[in-house]
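Working notes, beginning with the structure itself.
In this text the structure is predicted, and so the values were computed from the model without any measurement.
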Amino acid sequence: MSDEKTLDMNFLALIMAHQQAGLQNLGKMADPQTGEMQRDLPAVQGAIAFLDMIERKTRGNLVREEEQVLQEALTFLRLNYVEELKVA
């Protein structure tokens, strides 16, 4: 496996970890350590802000697949965050 491929997978893992944290804080996924559902909208804002910053800082430097995963994670979290604000 080339270094580039390893770096790609690490980048994708970073994006997915922040998306998962956002989903947990939206109450859409149970915390894997406790098995409990939680809802922490400020933490979701933090995950979205982090991914948005990554998107801005890496713009033009990602391969198509990385860009797609990042955009899908951002869109999914943003839409779910707005939905949660409606019921809050």
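Between atom CG of residue Leu85 and atom CD of residue Gln45 there is a gap of 7.5 Å, rounded to the nearest 0.5 Å. Put simply, CZ on Arg39 and NZ on Lys28 are 9.0 Å apart, with the number rounded to the nearest 0.5 Å. The distance from the CD atom of Glu84 to the CG atom of Asp40 is 12.0 Å, given to the nearest 0.5 Å. Separation of atoms CD1 (Ile15) and CZ (Phe50) is listed at 6.5 Å; rounding is to 0.5 Å.
Remark: Gln38 engages Asn25, Asp31 in a side chain to side chain contact (heavy atoms under 4.5 Å, CB included) (not counting sequence neighbours). Asp52 meets the salt bridge (Lys or Arg N to Asp or Glu O under 4.0 Å) test with Arg56, Arg78; sequence neighbours excluded. Partners of Arg59 under the side-chain hydrogen bond (donor to acceptor under 3.5 Å, both in side chains) rule, at least two apart in sequence or in another chain, are Glu55.
Under the 4.5 Å side-chain heavy-atom criterion for ILVMFWY residues, no single connected hydrophobic cluster contains both Leu51 and Leu79. Note: the hydrophobic cluster containing Met37 does not contain Leu23 (ILVMFWY, side chain heavy atoms under 4.5 Å, direct or indirect links). Criterion: ILVMFWY side-chain heavy atoms under 4.5 Å apart, direct or through other members. Under it, Val82 and Leu26 are not part of a common hydrophobic cluster.
Taking the charged nitrogens against the carboxylate oxygens, Glu83 and Lys86 do have a contact shorter than 4.0 Å, which makes a salt bridge.
Heavy atoms of other residues, nucleotides or ligands lying less than 6.0 angstrom from CE of Met16 number 12 at most.
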| request: In sequence, state the C-alpha distance, the side-chain angles, and the governing distance for Val44 and Ile48, and then conclude on side-chain contact (heavy atoms from CB on, under 4.5 Å). | output: CA-CA 6 Å; Val44 178; Ile48 292 169; 3.9 Å; yes

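Just one of Leu62, Leu70, Val69 meets the side-chain contact (heavy atoms from CB on, under 4.5 Å) condition when paired with Glu66; it is Leu62.
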